[in-house]
Q: 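The structure under discussion is supplied below as structure tokens; questions concerning it will follow.
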Amino acid sequence: MKVYTKTGDKGTTALFGGTRVPKHHIRIESYGTIDELNSHIGLLRDQDINQLYKNTLMEVQDRLFTVGAILATDPEKATLKSGKARLNIPKISSEDIERLEKEMDLMEASLPQMTHFVLPGGHQTVSFCHIARTVCRRAERLASHLNDLEPFQPETLIYINRLSDYLFVLARKLSYDLQAEEIKWIPKKES
């Protein structure tokens, strides 16, 4: 099977179920940004970080493929004529969300309390994590917009939101582990 099909040469692509939509459709923007996020998480996972974080990020990448599949499914074709779901994979679960929350709780237990916003950076690995976090936030904005137009499984949107929180806490924990300076943002006072 060839990678190129030429079916998208006129600016359209097929959703899961066969519906063709423009490549700039909100659904395509949504799952395309999830794909972009997954690539950034792969870059982060390739860094010299704790194996526990790598394992969690690998699981996140797996779950992001599920998120992408959910977002790529045409809701009008989500159910087959037999009554079965077209997307025959486990959906995002409350356990997926709780796993991120537990990981955040573990990391936060060893971190100093946050009293200010922090400037992204301090170490290349931390910066990669912040980039993943901001891409995740963009993915969440797009998915939220899509959900307003064509609702999908609620846990999917919750998972994306929780993942951006996880990536923020992970960035702080990586700063701590790498002994990188965490620079507080202290607004200048007007004179």
Side-chain angles (χ1 to χ4, degrees), residues 1 3 5 13-21 23 25-47 49-108 128-129 131-171 173:
M1 182 175 168
V3 171
T5 62
T13 193
L15 299 176
F16 192 51
T19 305
R20 294 205 68 83
V21 296
K23 290 187 178 186
H25 190 279
I26 184 64
R27 187 168 292 284
I28 308 306
E29 288 285 347
S30 295
Y31 75 73
T33 305
I34 292 294
D35 186 36
E36 179 184 352
L37 170 61
N38 208 334
S39 295
H40 282 290
I41 289 176
L43 177 63
L44 178 59
R45 190 173 49 82
D46 288 342
Q47 303 306 300
I49 59 175
N50 183 303
Q51 189 61 46
L52 172 66
Y53 310 150
K54 288 182 182 233
N55 294 345
T56 300
L57 292 171
M58 180 83 80
E59 183 176 309
V60 164
Q61 287 187 287
D62 175 81
R63 300 287 58 217
L64 287 177
F65 265 93
T66 298
V67 169
I70 290 166
L71 298 179
T73 302
D74 179 351
E76 292 182 14
K77 296 187 178 180
T79 305
L80 300 170
K81 290 179 183 176
S82 65
K84 291 185 178 183
R86 179 176 298 279
L87 193 58
N88 189 21
I89 59 173
K91 306 296 185 289
I92 298 298
S93 68
S94 57
E95 290 79 18
D96 294 323
I97 297 162
E98 289 165 10
R99 169 112 194 251
L100 291 176
E101 292 171 348
K102 286 177 186 173
E103 293 295 330
M104 283 187 278
D105 291 344
L106 283 171
M107 290 187 290
E108 284 189 313
F128 288 150
C129 194
I131 290 169
R133 173 187 59 81
T134 59
V135 173
C136 189
R137 285 290 188 207
R138 178 164 32 96
E140 181 183 15
R141 291 189 302 271
L142 290 164
S144 175
H145 182 197
L146 174 62
N147 190 59
D148 283 350
L149 300 171
E150 298 175 340
F152 51 84
Q153 182 208 22
E155 289 82 4
T156 301
L157 197 54
I158 295 168
Y159 184 81
I160 299 168
N161 177 263
R162 208 64 84 251
L163 179 56
S164 62
D165 295 335
Y166 169 81
L167 291 168
F168 177 76
V169 175
L170 179 59
K173 185 67 167 87

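These numbers were taken from a predicted model, which means no experiment stands behind them. Values below: every heavy atom of this structure, side chains too, minus hydrogens, waters and symmetry copies.
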Q: Take I92 and I160 through the test side-chain contact (heavy atoms from CB on, under 4.5 Å) and record every step on the way to the result.
A: CA-CA 10 Å; I92 298 298; I160 299 168; over 6 Å; no
Q: Tell me, with the steps shown, if R138 and E36 meet salt bridge (Lys or Arg N to Asp or Glu O under 4.0 Å).
A: CA-CA 10 Å; R138 178 164 32 96; E36 179 184 352; 3.1 Å; yes
Q: Could you go through L57 and I49, starting from their C-alpha distance and side-chain angles, then the distance that decides it, and tell me whether this counts as side-chain contact (heavy atoms from CB on, under 4.5 Å)?
A: CA-CA 11 Å; L57 292 171; I49 59 175; 4.0 Å; yes
Q: Can a donor-acceptor pair be found, under 3.5 Å and without considering hydrogens, that links the side chain of Q153 to the backbone of I70?
A: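 No.
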Q: Run the side-chain contact (heavy atoms from CB on, under 4.5 Å) check on Y166 and M107 step by step: do they pass?
A: CA-CA 9 Å; Y166 169 81; M107 290 187 290; 3.5 Å; yes
Q: Can you find a heavy atom in the side chain of F65 that is under 4.5 Å from one in the side chain of I34?
A: no
Q: Using every non-hydrogen atom in the two residues, find where L167 and L44 come nearest and quote the distance to one decimal.
A: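 It is CD2-CD2, 4.4 Å.
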Q: Within the structure provided, determine whether L37 and L163 are in side-chain contact (heavy-atom separation under 4.5 Å).
A: yes
Q: Return yes if some donor-acceptor pair links the side-chain N/O of Q61 with the main-chain N/O of N38 below 3.5 Å, else return no.
A: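 Yes: the side chain of Q61 pairs with the backbone of N38.
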Q: Got a second to check how far I158's CD1 is from S93's OG, nearest 0.5 Å?
A: 11.0 Å
Q: Between S144 and N147, is there a side-chain donor-acceptor contact under 3.5 Å, judged purely by atom types and distance?
A: no
Q: Tell me whether K91 is salt-bridged to E155, with the criterion being a basic N under 4.0 Å from an acidic carboxylate O.
A: no
Q: Can you find a heavy atom in the side chain of H145 that is under 4.5 Å from one in the side chain of E29?
A: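 With C-beta onward as the side chain, the pair stays apart.
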Q: Any chance you could measure L170, atom CG, to D165, atom CG, to the nearest 0.5 Å?
A: 12.5 Å
Q: If I compare all heavy atoms of L142 with all of T33, which pair ends up nearest, and what's the gap?
A: CD1-OG1, 3.2 Å
Q: Would you confirm whether K54, through its side chain, and R45, through its main-chain N or O, come within 3.5 Å as a donor-acceptor pair?
A: yes
Q: Ignoring hydrogens, what is the shortest heavy-atom contact between H40 and V135? Give both atom names and the distance.
A: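 That closest heavy-atom pairing would be CD2-CG2, 3.8 Å.
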Q: For A143 versus S30, what's the shortest heavy-atom pair and its separation?
A: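 Heavy-atom minimum between the residues: N-OG, 3.8 Å.
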Q: Looking at F152 and L157, what are the two nearest heavy atoms and their distance?
A: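 Distance-wise, the nearest heavy atoms are CE1-N, 4.0 Å.
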Q: For L64 and I41, what are the C-alpha separation, side-chain angles and deciding distance, and is it a side-chain contact (heavy atoms from CB on, under 4.5 Å)?
A: CA-CA 10 Å; L64 287 177; I41 289 176; 3.7 Å; yes
Q: Side chains of R63 and T66: donor-acceptor distance under 3.5 Å anywhere?
A: yes
Q: When you measure from the side chain of R27 to the backbone of L71, do you find a donor-acceptor pair of N or O atoms at a distance under 3.5 Å?
A: yes
Q: How long is the straight-line distance from OG1 of T134 back to CD of E140, given to the nearest 0.5 Å?
A: 12.5 Å
Q: Just wondering, more than 12 heavy atoms not from N88 lying within 6.0 Å of its CG?
A: no
Q: Answer yes if the side chains of R137 and S164 hold a donor-acceptor pair under 3.5 Å, and no otherwise.
A: yes
Q: Between the side chain of T73 and the main-chain N/O of P75, is any donor-acceptor distance below 3.5 Å?
A: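 No, because the side chain of T73 does not come within donor-acceptor range (under 3.5 Å) of the backbone of P75.
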Q: Nearest 0.5 Å, please: how far is CD in E98 from CD in E103?
A: 13.0 Å
Q: Any non-hydrogen side-chain atom of Y31 less than 4.5 Å from a side-chain atom of L146?
A: no
